[in-house]
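Beneath this line is the structure, given in structure tokens, with notes to follow.
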Amino acid sequence: MSDSPAEYYSVAGIVVRTVPSDLPAVTARLSALPGLEVHYQEATTGRFVITLETTNIDEEQKGIERVRGEAGVICAELVYHFVEPPHGNAGSADDPARGAS
């Protein structure tokens with residue numbers, strides 16, 4: 001498997017929690033980050049759902065850590081992860097969706 005940064009398409013679904021009064025400011029700051037989109041907000045609990053799209057696992061991990069380190073974020077937990085291999089590698093040994101043999 002190559003470490004080329006543009007080979008894979010990765011999307012992570014993350015549930016984030018903040019203090020309800022901080023929700024608008026935190027979601028606004030996170031929405032400005034590249035590849036990140038806020039999808040759902042629950043104002044009474046301060047929880048919201050985001051997706052983070054990256055081109056490799058290292059960038060995804062850095063993005064999740066950036067979210068966790070954002071001012072006002074209490075916690076951010078990965079709840080969904082999808083990786084699409086480069087075109088032409090589906091089903092090959094380098095395909096992370098294929099799993100270990």
Under 4.5 Å between side-chain heavy atoms, counting indirect links through other Ile/Leu/Val/Met/Phe/Trp/Tyr residues: same cluster for L78 and I50 or not? yes
Closest non-hydrogen atom pair, V16 against A76: CG2-CB, 4.1 Å
Please check if the side chain of R17 supplies one atom and the backbone of I74 the other of a donor-acceptor pair under 3.5 Å. no
Of V83, I57, T54, which meets side chain to side chain contact (heavy atoms under 4.5 Å, CB included) against Y8? V83
Shortest non-hydrogen pair, P20 vs T45, comes out as CG-C, 3.8 Å
Side-chain touch S10/N56, heavy atoms, less than 4.5 angstrom: no
Say whether T51 and E37, considering side chains only, have a donor N or O and an acceptor N or O under 3.5 Å apart. no
Less than 4.5 Å apart, side chain to side chain, heavy atoms only: is that true for V79 and V15? yes
Atom of L23, atom of G46 and distance for their closest heavy-atom approach: CD1-O, 4.0 Å
Sub-4.5 Å side-chain heavy-atom contact between V49 and I14: no
Test item: I64 and L52 side chains (from C-beta on) under 4.5 Å apart, heavy atoms: yes
Heavy-atom closest pair, residues E53 and Y9: CD-OH, 3.3 Å
Is any side-chain heavy atom of R29 less than 4.5 Å from a side-chain heavy atom of V26? yes
Salt bridge or not for K62 and E65, using N-O below 4.0 Å? no
For T18 against V73, the heavy-atom pair lying closest together: OG1-N, 4.4 Å
What closest approach, in Å, do A12 and E60 show between heavy atoms, and which atom pair accounts for it? CB-OE1, 3.6 Å
Would you indicate whether the side-chain heavy atoms of T44 and E42 approach each other to under 4.5 Å? yes
If two hydrophobic side chains count as joined below 4.5 Å and joins carry through other members, does L33 share a cluster with F48? yes
